Structure formats: C-alpha cells, structure tokens
Amino acid sequence: MPQVTAAQELQIKAQTRLAALMEEKLVTRISVLSTLLGGGKTTERLLVRISIETHKTSPDFDQAAADKAKNRIKQALGEIGCDVFIETDR
C-alpha cells in the first residue's frame, strides 16, 4: 500500500474541511505547495483559490463580500497546521 506524503495528507484534510464551500463554488481550487528545506526537511503551504471578484479596480468589487468569503474559508479550515494563502480568480 503506497504511503501518503505530508502534502497529500494536507490536501485531503483541506478538501474535506472545504467540501461545502467547494459545492457552493466559492472555493474553486485547493493546492499544496511543498518546499524542500535544508537538512531534508520540507514545509507545506496551502493555496486556496476562490471565485469572488475582489480586484479593487473592478466595478463589481465588494470588500465586505471578499472579507466574508476569506473568513468562511479560515473558519472552515480551522487549525490546519500550515500557512494558508487565499487567491482570487480573475
């Protein structure tokens, strides 16, 4: 049986916790960035892409909606054990 890496485990955990937001199509993509550090250690970062218009120059920009979406993601993830970056679709 293949062994699950830390990055794969983090991906599965994030997908499970964000499943409801993915069904709503608020979360469009979940990625794990794994970086090899010195001494054979690695660090993982979670990248979550959301589909809400948050570009400040957009006529549809709504800061409150953007903040609410990001807070919902942070709340759903809870303490996941790594840095989380939230990126918006454009």
Side-chain angles (χ1 to χ4, degrees):
M1 184 173 226
Q3 199 171 29
V4 177
T5 67
Q8 291 169 323
E9 189 175 303
L10 181 60
Q11 177 96 17
I12 292 165
K13 189 186 299 185
Q15 287 174 332
T16 302
R17 293 182 182 184
L18 296 174
L21 299 179
M22 291 178 77
E23 283 182 28
E24 288 180 33
K25 301 207 183 328
L26 174 63
V27 173
T28 59
R29 183 176 173 182
I30 300 170
S31 304
V32 176
L33 308 172
S34 188
T35 304
L36 183 61
L37 304 173
K41 295 182 180 180
T42 60
T43 184
E44 283 78 26
R45 293 178 181 93
L46 185 65
L47 174 67
V48 178
R49 182 170 288 170
I50 61 174
S51 65
I52 186 167
E53 183 55 64
T54 58
H55 194 266
K56 290 183 178 4
T57 60
S58 169
D60 298 332
F61 177 70
D62 183 347
Q63 184 67 53
D67 291 344
K68 183 178 178 184
K70 290 177 183 182
N71 286 334
R72 288 182 67 200
I73 290 167
K74 289 176 186 176
Q75 185 177 23
L77 285 173
E79 287 298 317
I80 197 142
C82 72
D83 292 334
V84 176
F85 297 95
I86 301 173
E87 180 181 74
T88 56
D89 285 340
R90 300 237 165 111

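Residue numbers count from 1 along this sequence. The structure presented is a predicted model; accordingly, all values stated were derived computationally and were not measured.
L18 and I30 get closest at one heavy-atom pair: CD1-CD1, 3.8 Å. The two atoms that bring Q8 and Q3 nearest to each other are OE1-O, 3.9 Å, heavy atoms only. Closest heavy-atom contact between E44 and C82: O-CB, 3.3 Å. The minimum heavy-atom distance between K25 and S51, with the atom names listed, is O-OG, 2.6 Å.
Under the side-chain contact (heavy atoms from CB on, under 4.5 Å) test applied with Q11, the options V32, L46, V4 reduce to a single match, V32.
Residues T42 and T5 fail the side-chain proximity criterion, which asks for heavy atoms closer than 4.5 Å.
Under the 4.5 Å side-chain contact rule for hydrophobic residues, L10 and M22 share a cluster. Hydrophobic clustering keeps L47 apart from I73 (ILVMFWY residues linked when any side-chain heavy atoms are closer than 4.5 Å, directly or through intermediates).
Annotation: salt bridge (charged side-chain N to carboxylate O under 4.0 Å, His left out) contacts of R49 (sequence neighbours excluded): E87, D89. Partners of T35 according to the side chain to side chain contact (heavy atoms under 4.5 Å, CB included) rule, which considers only residues two or more places apart in sequence or in another chain, are L37, T43, R45. Every residue two or more places apart in sequence or in another chain was checked for a salt bridge (charged side-chain N to carboxylate O under 4.0 Å, His left out) with E9, and none qualifies.
Taking CZ of R72 as the reference point, atom CG of L26 lies at 6.0 Å (rounded to 0.5 Å).
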